[in-house]
Amino acid sequence: MFVLGCVACCRLGLLDWSLLLLCSIFGTSMKEPSVSLGPTPAPVFLTKLWVLMEDPANCDMIAWNTNGQTFSILDEQRFTKEILPRYFKHSNLSSFIRQLNMYGFRKVMSLENGLVKSESAIEFQHPFFKKGRPELLEHIKRKVNSVKTEDAHLSQDNLQKVINELKVLQNGQSNMDFKLDTMRREN
Amino acid sequence: MFVLGCVACCRLGLLDWSLLLLCSIFGTSMKEPSVSLGPTPAPVFLTKLWVLMEDPANCDMIAWNTNGQTFSILDEQRFTKEILPRYFKHSNLSSFIRQLNMYGFRKVMSLENGLVKSESAIEFQHPFFKKGRPELLEHIKRKVNSVKTEDAHLSQDNLQKVINELKVLQNGQSNMDFKLDTMRREN
Amino acid sequence: MFVLGCVACCRLGLLDWSLLLLCSIFGTSMKEPSVSLGPTPAPVFLTKLWVLMEDPANCDMIAWNTNGQTFSILDEQRFTKEILPRYFKHSNLSSFIRQLNMYGFRKVMSLENGLVKSESAIEFQHPFFKKGRPELLEHIKRKVNSVKTEDAHLSQDNLQKVINELKVLQNGQSNMDFKLDTMRREN
DNA sequence: GGCGTTCTAGAATATTCGCGC
DNA sequence: GGCGCGAATATTCTAGAACGC
C-alpha cells in the first residue's frame with residue numbers, strides 16, 4: 001500500500017508523506033513541538049537521507065551494503081542528477097558529502113578504492129546509521145560551529161588611529177540618535 | 001601553426017610535445033634543472049592545465065570564456081571521465097578543484113549557481129591565468145603551509161574587531177537614515 | 001582558428017552578460033589574492049537583487065519607485081512564483097525579506113501602506129540601494145557574522161579598506177546631521 | 001622539501017523557523 | 001503572510017591535514 005500510494009502521489013507528495021511516516025516512527029508530533037519536550041525530531045538532512053535510502057526506486061543508485069553497516073553511492077552521475085535535486089536544493093555531490101561529514105559520517109576506504117581509475121562506488125558509514133535501525137538516528141549529532149575566543153592585547157599605531165576615528169563616529173551616531181528622538185517628541 | 005601541429009599529433013604525443021613547447025616558451029631546459037638557476041619551470045599541474053586548455057579537442061568540455069579572462073568546465077561529467085584521467089592520476093573533479101584552489105584560482109559566481117536545476121558551467125579565474133598569455137604562468141604560486149607570525153596575527157585580530165565595529169556603525173547609519181526618511185514622510 | 005573554436009564553444013546567456021557587466025563595474029575581474037586585495041565582489045544576494053531589478057521583464061512584478069530611492073514588489077503572487085525560483089533556491093517571500101533585512105533593508109511604512117491592508121505594494125529601501133547607482137552596492141554590509149581575512153601580512157591593505165569605509169561613514173553622518181538641521185528649521 | 005591526491009573541516013552566505021514586539 | 005531579528009541548519013567555496021612519491 002505504501003508503494004501504491006507513493007506512486008499515485010506527485011513528486012512533492014511522496015517526500016512529504018514519507019516524512020510524516022518517519023515522524024510517526026520516531027513518535028514525534030509536528031503539532032506541539034514546544035509543549036512536550038519529548039524526543040527531538042531528527043534534522044531534515046538525516047530524515048531525507050533515511051527516506052531516500054528506504055525508497056526501492058533509488059536502489060540502483062544508492063543502497064545499503066551486504067551487512068547493512070554501510071551504504072554506497074552506486075551510480076555517482078545518476079545519483080547527482082536524479083536523486084539529489086528531488087530531496088535537496090542542489091545537485092552537487094560535494095554538498096551532499098559535506099553534509100555527511102558534518103554529521104560524522106566517514107568514507108570507507110576499501111582496497112579497490114585505492115586504485116587509480118577507481119570505478120568503485122563511494123562508500124560511507126556512521127556508527128548510528130544502520131539498515132533497519134531508524135531509532136539510532138537520534139544519536140547522530142551535527143557538528144557545531146566553533147566559537148573563537150579572541151583577546152588581543154596589542155595594537156598598532158595605525159590601528160589606534162582608526163579606533164579613535166571609530167569612537168568619534170560612535171559619538172556622532174549617539175548624538176544624532178538623541179536628536180532624532182528629541183525631534184520626534186517635539187512633533 | 002600551433003593548433004595544426006597539435007591536431008596532427010596523437011593524444012599521448014600531443015601532451016609530450018606540448019610540454020616541450022611550453023618549456024621552450026619559458027626558456028627552461030629539461031636537461032639541466034639543477035645547474036642553471038634560471039627561470040623555474042612551472043609546476044606540473046599548471047603546465048597540464050595550460051596544455052589541456054589549449055587542446056581544441058577539449059573545447060566542448062572546458063574552454064576559455066569570451067574575454068579570455070576566465071574558463072569554464074562546460075560538461076562536468078564528460079570532463080571528469082574523459083579529460084581528467086588523460087592528464088592526471090585520477091577522475092575526481094574535487095581533486096582537480098582542490099588543485100585549482102591550491103594555486104589561487106577562485107570560482108566565479110554566476111547567477112545560475114543559486115538555482116537547483118543548474119545547468120550552468122563551473123567557472124574559475126586567476127589573475128595570472130589568461131588566454132594567450134602563457135608567460136604569466138610563472139607568477140602563479142602554490143600555497144605553502146604557512147607558519148603564522150604571532151605579531152601579524154594579533155594585529156589581524158584587532159583589525160577584525162575594528163571591522164566588526166564598522167559594521168555596527170553602518171547598521172546604525174542605515175537605521176537613522178531610515179528614521180529620517182520616515183519622519184520626513186510623516187511631516 | 002583557435003579563437004574561433006572557443007567562441008563557438010561559449011554559451012554565455014543574458015544573465016552571464018549582466019554579471020560580467022556588474023563585475024566590470026565593481027572592478028572585480030582582476031583579483032590578485034597574494035598581491036593586493038582588490039575590491040571585494042558583492043555578495044550573491046545583492047548581485048542577484050540588482051540584476052533582477054534591472055531586468056525589464058520583471059518590471060511588472062518588482063520595480064523602482066518614482067524617485068529611484070525605493071523599490072516595490074508590485075505583484076506579490078507572481079513575484080513569489082515566477083521570479084524567486086529563477087534567482088534563488090526557494091519560492092518563499094519570507095526568505096527573500098529575511099535576506100533584505102539581513103543586509104539592512106527596511107520596509108517603508110507609507111501612509112497608504114498603513115491604511116489598506118494587503119492591497120498596497122510592499123516597499124523597501126536601503127540608503128545604498130539606489131536606482132542607477134550600482135557603485136553604492138559595495139557599502140551594503142551583511143549583518144552578524146565576521147569576515148575572516150586570509151593573509152595576516154596584508155593588514156596594511158585591510159587597514160586602508162577600513163579607513164575608506166570610515167570616510168564613507170563620516171560623509172554619511174555629515175549628510176544626516178545636515179538633514180536634521182534642515183528639518184528642525186522647517187519645523 | 002615540494003608537489004599531488006584524498007578526505008575532512010573551516011568560513012561565509014543562504015534558507016528556514018520561531019520569538020518578541 | 002505584520003516586522004525585524006536570533007538561531008539552527010543548509011549550501012557553497014576554500015583550506016587543513018595526512019600520506020605517498
Side-chain angles (χ1 to χ4, degrees), chain A residues 33-34 42-46 48 84 87-92 94-109 113-114 116 118 122 124 142-146 148, chain B residues 40 42-46 48 84 87-92 94-109 113-114 116 118 122 124 141-146 171 175 178, chain C residues 33 40 42-48 73 76-77 80 84 87-109 113-114 117-118 122 124 142-150:
Chain A
S34 59
V44 180
F45 173 75
L46 290 180
K48 289 181 175 178
L84 284 184
Y87 292 88
F88 307 100
K89 292 179 180 295
H90 62 83
S91 299
N92 302 315
S94 60
S95 295
F96 179 72
I97 294 176
R98 183 69 190 91
Q99 283 283 70
L100 289 176
N101 285 326
M102 187 71 85
Y103 281 94
F105 287 75
R106 311 293 296 233
K107 190 164 186 176
V108 178
M109 307 292 286
N113 285 343
V116 174
S118 64
I122 305 173
F124 276 91
R142 192 180 199 268
K143 297 180 180 178
V144 291
N145 294 335
S146 61
K148 290 185 176 179
Chain B
T40 308
V44 178
F45 173 76
L46 289 180
K48 289 181 176 178
L84 284 184
Y87 291 88
F88 307 100
K89 298 181 185 301
H90 61 84
S91 299
N92 302 316
S94 59
S95 295
F96 179 71
I97 293 176
R98 183 70 190 92
Q99 284 282 71
L100 288 177
N101 285 326
M102 188 75 85
Y103 282 95
F105 287 74
R106 312 291 294 225
K107 189 163 186 177
V108 178
M109 192 281 292
N113 276 347
V116 175
S118 66
I122 305 172
F124 276 91
K141 298 302 179 186
R142 191 182 199 268
K143 296 180 179 179
V144 291
N145 292 340
S146 63
N171 281 330
N175 287 335
F178 175 76
Chain C
T40 308
V44 179
F45 174 76
L46 290 180
T47 305
K48 289 180 176 178
I73 300 174
E76 187 178 316
Q77 300 280 334
T80 301
L84 283 184
Y87 290 89
F88 306 100
K89 289 179 179 297
H90 62 82
S91 299
N92 303 316
L93 185 60
S94 58
S95 294
F96 178 72
I97 295 176
R98 182 70 190 90
Q99 283 282 70
L100 288 176
N101 287 326
M102 186 73 85
Y103 282 94
F105 287 74
R106 310 297 293 249
K107 187 165 187 175
V108 179
M109 307 294 284
N113 284 344
K117 281 197 172 180
S118 60
I122 306 173
F124 278 92
R142 194 180 200 270
K143 297 179 180 179
V144 184
N145 283 340
S146 63
V147 177
K148 180 73 173 184
T149 48
E150 47 269 21

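Note on naming: letters A, B, ... go to the chains in the order of the sequence lines (proteins, then strands), and numbering restarts at 1 for each one. These figures come from a predicted structure and were not determined experimentally.
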* **Residue whose closest nucleotide on DNA chain D lies nearer the 5' end, C/Pro43 versus B/Phe96** =>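 Looking at DNA chain D, the more 5' nearest nucleotide goes with B/Phe96.
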* Asked: Of A/Ile97 and C/Ser91, whose closest DNA chain D nucleotide lies nearer the 5' terminus?
  ->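 With C/Ser91 and A/Ile97 compared, the 5'-side residue is A/Ile97.
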* What is the ring orientation for C/Phe45 with C/Phe88, classed by angle as parallel under 30°, tilted 30 to 60°, or perpendicular over 60°? ->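 Tilted.
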Can you see if the side chain of [X] gets near the phosphate of [N] - specifically, an N or O under 4.0 Å from OP1 or OP2?
X	N	answer
B/Asn92	D/dT5	no
B/Ser95	D/dT6	yes
B/Lys89	D/dT6	no

* Go through E/dA15, E/dT11, E/dG2 for me and flag the one nearest to the B/Arg106 side chain. =>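 Output: E/dA15.
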* Can you tell which of D/dT5, E/dC3, E/dT12 lies closest to the side chain of C/Lys107? ->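 Closest nucleotide among those given: E/dC3.
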* Partner residues of A/Phe105 under the ring-ring contact (aromatic ring centres under 6.0 Å, His included) criterion, sequence neighbours left out ->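 A/Phe105: ring-ring contact (aromatic ring centres under 6.0 Å, His included) contacts with A/His126, A/Phe129.
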* Select base, sugar-phosphate, or nothing to describe what B/Tyr103 touches, counting heavy atoms under 4.0 Å on all strands. =>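 Here B/Tyr103 touches the backbone only, sparing every base.
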* Mind checking C/Phe105 for me? I need base, sugar-phosphate or nothing, with any heavy atom below 4.0 Å counting as a touch. =>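 Answer is nothing: C/Phe105 stays at 4.0 Å or more from every strand.
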* Asked: Taking the side chain from A/Lys48 and the backbone from A/Tyr87, do they hold a donor-acceptor pair closer than 3.5 Å?
  ->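 Checked: pair present.
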Got a list of protein N/O to nucleotides 6-8 of chain E N/O distances below 3.5 Å?
{"residue": "E/dG6", "atom": "N7", "partner": "C/Arg98", "partner atom": "NH2", "Å": "2.9"}
{"residue": "E/dG6", "atom": "O6", "partner": "C/Arg98", "partner atom": "NE", "Å": "2.9"}

